[in-house]
*Asks:* 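Just dropping this structure here.
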Amino acid sequence: MIDYDPKIVEEKWQKHWEKEKTFASHPYQGEKYYMLEMFPYTSGGIHIGHVRNYTIGDVVAHYKRMQGFNVLHPIGFDAFGLPAENAAIEKKIHPKDWTYSNIDTFRRQLKRLGFSYDWDREVITCDKDYYHWNQWFFLKFYEKGLVYRKKTPANWCSTCSTVLANEQVEQGKCYRCATPVTQKSLKQWFFKITQYADELLKEMKNMDNWPVAVKKMQDNWIGKSEGVQIDFSIFHNGEKLPVYTTRPDTVFGATYLVLSPSHPFSEKIAKKNPSLKSEIERMRQEQLIKGEVEKRGIFTNLWAINPVNKEKIPIWIANYVLMEYGTGAIMAVPAHDERDFEFAKKYNLPVRVVICPPDKNLHGENLEQSYVGEGKMVKSGKFSGMASDKARKEMSEWMKENKIGTFQVRYKLRDWCISRQRYWGTPIPIIYCSKCGTLPVPEKDLPVELPFNIKITGKGGSPLEKVKEFVQCHCPVCGEKAKRETDTMDTFVDSSWYFFSYASLKGDSFPFDSREAGYWMPVDQYIGGIEHAILHLLYSRFFTKALRDMGLVKIKEPFTRLLTQGMVVKDGAKMSKSKGNVVDPQDIIDRYGADTLRGFILFAAPPEADLEWKKEGLEGINRFLTRVWRLVTEYASNWKKKLEETYSENREGKEKELQKMVNKTIEKVTQDIEERFHFNTALACLMEFVNYLYLYPEKESLLFQESLQVLTTLLYPFCPHIAQELAERMGYKEDLCYLRWPEYRKKLLRSDKVTLVVQINGKLRDRFFITTRENKENVERKVLNRERVQKHIQGRCIKKIVHIPGKLINIVLD
RNA sequence: GCCGGAGUGGCGGAAUCGGUAGACGCAGUGGACUUAAAAUCCACUGGGUAAUUAAUGCCCGUGCCGGUUCGAGUCCGGCCUCCGGCACCA
């Protein structure tokens, strides 16, 4: 017997797979299955989180192939982005060289892990053949009115020297470097994702195979609310001052009105009234920094009229009202809104209760906190006495009829800002001509190539601005000298359509072939980290819908099923350089081999849970694989074409038991993959099977030979190298990935002896074997005669017997 | 604050539809092999209690309190803790 040497075995088969293109995909041949894992951003080398993501996907890809599906399982690289520029500054290496050298490392490591990718479909987003189509989409969106430019305060990260999309600001900090984000007014390009807000929301109802957590996060992010815009007016000149509220039922309780410091009317006041100007400016500054600030405001000396009761209420300007949402102005109802209550208490503004909870009366003067629940209307004109939820509808109707309010649907979702003042990204294909204005680059002039002759300093604005040859161009309309846009696109544009690119072999005049993409898309199973719950996944959904409306694809949604795998943690914390608890997959491969690494990652936890890294567990899997190796190399003889003994119905005794074991193992492994992706229990079951085979006495029998063959086949999706090698040693010369997955026979799972569990008053008291042929009465008589049962029921009265045939009897005593 | 998710041995985890809690692995203990060790193989392994019939028996045990049920880790109500997301969105 030869010892198990993973390095030799694994490299042998990796060479074979590469040479034979074993996992290449071909369209239109049978039922398709598109298995996709989120492609990696290639900074440095592969880390353990990638290995987990890709291992899970690889098991599914293998399994589906063996089920007879035509599988597409591609990979590529997310290659544009800021880290490349940072590396350029720190290491004096060109972003391009840094990126491609990382990609080489990544590709080598992915191959070393033996993942079954179709490498012919590889995509690298910084290749001009790829970003060409980002620009093309930009132009098409431009034609469709899905792109626009506006000057607006944007989220600014001073460390990255660029603006960020709303989705990239986490708790007021940059998602990448955690620098507090400030607001800076710049002219920016936007994709009109809000046009799809409602569809993005609605379609989620049909996405049953997405995790609830992700859907919930997107739901919150889109933030749909239904309310009423109520037109208040300014007392002295009657000018309209609309506010937006989701609680029109509280309108009689409005005791003051608040404007955002950035509201146009606030600006007007600031101009007229220098004494207020500095305070307004100060509040505006406070709003630039996200996060909780103490509520602050000033009275404008102006008054507004509440249209429902003609009441005169003071107009304030306060830092707790945002300009970006609603109308930038609110009616303040301190009795029924927490924020207004807090503000009213601070500035001693009146509190008027208009809704009382069912069980008591409230009074504004002594209210200790706002009441935001439902209840009975009071002090609300003709609506007094009505239930608040009913009043909400009726008052809205009434306001609409009297032309003082209109129904409104609002979203928190803002348009997607795609401008980045960075170098390493897709140039935005726009030309500014002093005569003709802002013009898209003609399609025939694409791609606008990113220049490589550049100095990255990290200082002083966009790097492209300083590249004369890039900036200077001619106007496509009048031919005069013009300037190019120097901002590049957010890299999330790249990842919003890469799955379409994989799904077709590239053409020269189109981003992808609609026919082939139509065959493969949508992605049947997508796997990635939960950190992309809103960013990448929302953008990709938006892109898919936009592409559908352009007639390029027919589908509404890109990803049918989504799995968000858990983190890999060590010593209770997420692996990170700063904590010094990083495990380098390469070290594990060198020491134990790829199959052991894959096996451990799959065995240690179910995919959606966090995984605790334990060196000892790794050794456990390695021991298991060694046991499989020894068993097969020692006892296996010839690979059989058909598993006759496994399914024969004429076995008795030990053989029958083994046969049952084989069928049970197939059943369990199949179900665990098929129904739940619980690879940990699938592997546990294979371990049990191996333990059983070790103790089985007749290792020369045909049935035992077949059992080894089944074991090898079932192991293949998890640890493909060792399985393929063992299959070959048994005489199987083909690739296991195209061998049909074994089936189990239900009939052979049943045995004629089962354990019957006996409970007395719900407590386990006895268990014994019965034959399945025995009738109910007979079994019950036997149970009652058991010594252990007798001991308990002596002198007591049997109230009831619960009998689940073949499983359990519960005797209920008084 | 709001919205998700999770709490099971010394540890990672299993129990899929309400029916034997702790599969499988790790760690640990004992034995076999060995001059010895490693490796390997075999067995035991939640806590407590009892020395009788020496086979096991009995009690407790899935974050806490209560409920439904013949029977609850699983269902219902109320808490506690941890993790993740959002956070002046009117």
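Every chain is numbered from 1 and lettered A, B, ... according to where its sequence line falls, protein lines coming before strand lines.
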*Asks:* Which value, in whole Å, describes the distance between the C1' atoms of nucleotides rG4(B) and rU8(B)?
*Replies:*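 Comparing C1' positions in rG4(B) and rU8(B) gives a spacing of 22 Å.
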
*Asks:* Check every atom of rC70(B), rA90(B), rU16(B) against the side chain of Val812(A) and return the nucleotide holding the closest atom.
*Replies:* rC70(B)

*Asks:* With a 4.0 Å cutoff (strictly under), does any side-chain N or O of His803(A) reach OP1 or OP2 of rG19(B)?
*Replies:*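 No, outside the criterion.
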
*Asks:* Would you say the base of rC88(B) and the side-chain of Lys295(A) have a donor-acceptor pair closer than 3.5 Å?
*Replies:* yes

*Asks:* Regarding Ser225(A) and Tyr325(A), is there a side-chain donor-to-acceptor distance under 3.5 Å anywhere?
*Replies:* yes

*Asks:* Tell which nucleotide pairs with rA90(B), taking only Watson-Crick or G-U wobble pairs whose two distances are both under 3.5 angstrom.
*Replies:* none

*Asks:* Would you classify Gln759(A) as touching base, sugar-phosphate or nothing, given that sugar-phosphate means primed atoms plus P, OP1 and OP2, and contacts are heavy atoms under 4.0 Å?
*Replies:*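 Touches a base.
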
*Asks:* Taking the P atom of each, how far is rU29(B) from rA39(B), in whole Å?
*Replies:* 13 Å

*Asks:* Under 4.0 Å between a side-chain N/O of Asn680(A) and OP1 or OP2 of rA23(B), yes or no?
*Replies:* no

*Asks:* So what does Arg296(A) hit on the nucleic acid, given a heavy-atom distance under 4.0 Å: a base, only sugar-phosphate, or nothing?
*Replies:*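 No contact at all - Arg296(A) keeps every heavy atom at 4.0 Å or more from the nucleic acid.
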
*Asks:* Strictly by Watson-Crick or wobble contacts shorter than 3.5 Å, is anything paired with rU68(B), and which nucleotide is it?
*Replies:*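 rU68(B) is unpaired by these criteria.
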
*Asks:* Suppose you measure atom C1' in rG67(B) against the same atom in rA72(B); what distance do you get, rounded to whole Å?
*Replies:*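 Pairwise C1' distance, rG67(B) against rA72(B), rounds to 11 Å.
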
*Asks:* Given 3.5 Å as the limit, does a donor-acceptor pair link the side chain of Asn581(A) with the main chain of Lys570(A), or not?
*Replies:* yes

*Asks:* Between rG10(B) atom C1' and Glu612(A) atom CD, what is the distance in whole Å?
*Replies:* 14 Å

*Asks:* Indicate, with a heavy-atom threshold strictly under 4.0 Å, whether Gly326(A) touches base, sugar-phosphate, or nothing.
*Replies:*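 Contact class for Gly326(A): none.
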
*Asks:* What is the distance, rounded to the nearest whole Å, between atom CG of Leu693(A) and atom P of rC41(B)?
*Replies:*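 Rounded to the whole Å, the gap is 14 Å.
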
*Asks:* Quick one: look up who rA50(B) pairs with, Watson-Crick or G-U, both distances under 3.5 Å, and put none if it's unpaired.
*Replies:* rU56(B)

*Asks:* Taking pairing as Watson-Crick or G-U wobble with both contacts under 3.5 Å, can you name the mate of rG73(B), or confirm there isn't one?
*Replies:*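 Pairing partner: none.
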
*Asks:* For a quick check of understanding: with a heavy-atom distance under 4.0 Å over all strands, which category does Asp610(A) fall into, base, sugar-phosphate or nothing?
*Replies:*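 Sugar-phosphate, no base atom in range.
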
*Asks:* If you check the Asn810(A) side chain, which of rC3(B), rG71(B), rC24(B) turns out closest?
*Replies:* rG71(B)

*Asks:* Using modelled atom types and a 3.5 Å cut-off, is there a donor and acceptor pairing between side-chain atoms of Arg414(A) and backbone atoms of Lys412(A)?
*Replies:* yes

*Asks:* If rC79(B) has a Watson-Crick or G-U wobble mate with both distances under 3.5 Å, name it; if not, just say none.
*Replies:*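 Partner of rC79(B): rG63(B).
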
*Asks:* Ignoring backbone atoms, establish whether Arg765(A) has a side-chain N or O less than 4.0 Å from OP1 or OP2 of rG57(B).
*Replies:* no

*Asks:* Regarding Val258(A), tell me which of base, sugar-phosphate or nothing describes its non-hydrogen contacts under 4.0 Å with the strands shown.
*Replies:*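 If one applies the 4.0 Å heavy-atom cut-off, Val258(A) turns out to touch nothing in the nucleic acid.
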
*Asks:* Does a donor on one side chain and an acceptor on the other come within less than 3.5 Å for Arg676(A) and Gln671(A)?
*Replies:*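 No pair is found: no donor N or O on one side chain lies under 3.5 Å from an acceptor on the other.
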
*Asks:* With sugar-phosphate meaning primed atoms plus P, OP1 and OP2, does Lys799(A) contact a base, only sugar-phosphate, or nothing at under 4.0 Å between heavy atoms?
*Replies:* nothing

*Asks:* With rounding to the closest Å, how many angstrom separate the C1' atoms on rC33(B) and rC41(B)?
*Replies:*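 rC33(B) and rC41(B) have their C1' atoms separated by 8 Å.
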
*Asks:* Checking all strands, does Leu695(A) fall into the base, sugar-phosphate, or nothing category for heavy-atom contacts under 4.0 angstrom?
*Replies:*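 Since only primed, P, OP1 and OP2 atoms lie under 4.0 Å of Leu695(A), the category is sugar-phosphate.
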
*Asks:* For rC17(B), give its Watson-Crick or G-U wobble partner with both distances under 3.5 Å, or none.
*Replies:* none

*Asks:* Has Arg52(A) got a side-chain atom pairing as donor or acceptor with Gly566(A)'s backbone, closer than 3.5 angstrom?
*Replies:*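 Such a contact is found between Arg52(A) side chain and Gly566(A) backbone.
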
*Asks:* Considering only NZ, NE, NH1 and NH2 on the basic side and carboxylate oxygens on the acidic side, decide whether Glu657(A) and Lys753(A) come within less than 4.0 Å.
*Replies:*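 No, Glu657(A) and Lys753(A) are not salt-bridged.
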
*Asks:* Heavy atoms only, 4.0 Å cut-off, all strands: where does Thr626(A) land among base, sugar-phosphate and nothing?
*Replies:* nothing

*Asks:* Go through rU56(B), rG85(B), rA90(B) for me and flag the one nearest to the Met217(A) side chain.
*Replies:* rG85(B)

*Asks:* So which one's nearest nucleotide on RNA chain B is more toward 5', Leu764(A) or Gln671(A)?
*Replies:* Gln671(A)

*Asks:* Between His336(A) (side chain) and Ile355(A) (backbone), is there a donor-acceptor pair under 3.5 Å?
*Replies:* yes

*Asks:* Mind telling me whether rC86(B) is syn or anti, cutoff 90° either side of 0?
*Replies:*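 Anti.
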
*Asks:* If you check every side-chain atom of Met687(A), which of rG25(B), rG12(B), rG19(B) has the closest atom?
*Replies:*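 That would be rG25(B).
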
*Asks:* Using a heavy-atom cut-off of under 4.0 Å over every strand shown, decide if His336(A) touches base, sugar-phosphate, or nothing.
*Replies:*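 It contacts nothing in the nucleic acid.
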
*Asks:* Is the glycosidic angle of rG47(B) within 90° of 0, making it syn, or outside that range, making it anti?
*Replies:*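 Classified anti.
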
*Asks:* Could you walk me through whether Asp337(A) and Ser370(A) pass the side chain to side chain donor-acceptor pair (under 3.5 Å) test, one step at a time?
*Replies:* CA-CA 6 Å; Asp337(A) 183 281; Ser370(A) 60; over 6 Å; no

*Asks:* With rounding to the closest Å, how many angstrom separate the C1' atoms on rG63(B) and rC58(B)?
*Replies:* 27 Å

*Asks:* Could you measure between the two P atoms, the one in rU35(B) and the one in rA51(B), and give it in whole Å?
*Replies:*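 Straight-line distance between the two P atoms is 46 Å.
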
*Asks:* Between rU16(B) and Thr681(A), is there an OP1 or OP2 to side-chain N/O distance shorter than 4.0 Å?
*Replies:* no

*Asks:* Return whichever of Met331(A) or Lys763(A) has its heavy-atom-nearest nucleotide of RNA chain B closer to the 5' end.
*Replies:*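 First, find each residue's nearest nucleotide; the 5'-ward one identifies Lys763(A).
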
*Asks:* Nearest whole angstrom, please: distance from the P of rG85(B) to the NE2 of His532(A).
*Replies:*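 For the pair His532(A) NE2 and rG85(B) P, the rounded distance is 13 Å.
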
*Asks:* Check whether any side-chain nitrogen or oxygen of Arg788(A) sits under 4.0 Å from OP1 or OP2 of rA55(B), and answer yes or no.
*Replies:*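 Result: no.
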
*Asks:* Would you indicate, yes or no, if rC3(B) has its OP1 or OP2 atom less than 4.0 angstrom from a side-chain nitrogen or oxygen of Lys216(A)?
*Replies:*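 So the side-chain polar atoms of Lys216(A) never come under 4.0 Å of the phosphate oxygens OP1 or OP2 of rC3(B).
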
*Asks:* To the nearest Å, how far apart are Leu683(A) CG and rA23(B) C1'?
*Replies:* 14 Å

*Asks:* Are OP1 or OP2 of rA90(B) and a side-chain N or O of Tyr244(A) less than 4.0 angstrom apart?
*Replies:*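 For rA90(B), neither OP1 nor OP2 has a side-chain N or O of Tyr244(A) closer than 4.0 Å.
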
*Asks:* Scan every strand shown for a Watson-Crick or G-U wobble partner of rG25(B), both distances under 3.5 Å, and answer none if you come up empty.
*Replies:*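 rG25(B) is paired, partner rC11(B).
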
*Asks:* Does rA27(B) have OP1 or OP2 under 4.0 Å away from a side-chain N or O of Arg623(A)?
*Replies:*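 So the side chain of Arg623(A) is within the cut-off, an N or O lying under 4.0 Å from OP1 or OP2 of rA27(B).
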
*Asks:* Of the nucleotides rA23(B), rG19(B), rC24(B), which one has an atom closest to the side chain of Asn691(A)?
*Replies:*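 Nearest listed nucleotide: rC24(B).
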
*Asks:* Could you identify the nucleotide paired to rC33(B), looking across every strand shown and requiring Watson-Crick or G-U wobble geometry with both distances under 3.5 Å?
*Replies:*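 Looking at the geometry, rC33(B) pairs with no nucleotide.
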
*Asks:* May I ask you to decide if Val51(A)'s main-chain N or O and Arg598(A)'s side chain share a donor-acceptor pair within less than 3.5 Å?
*Replies:* no

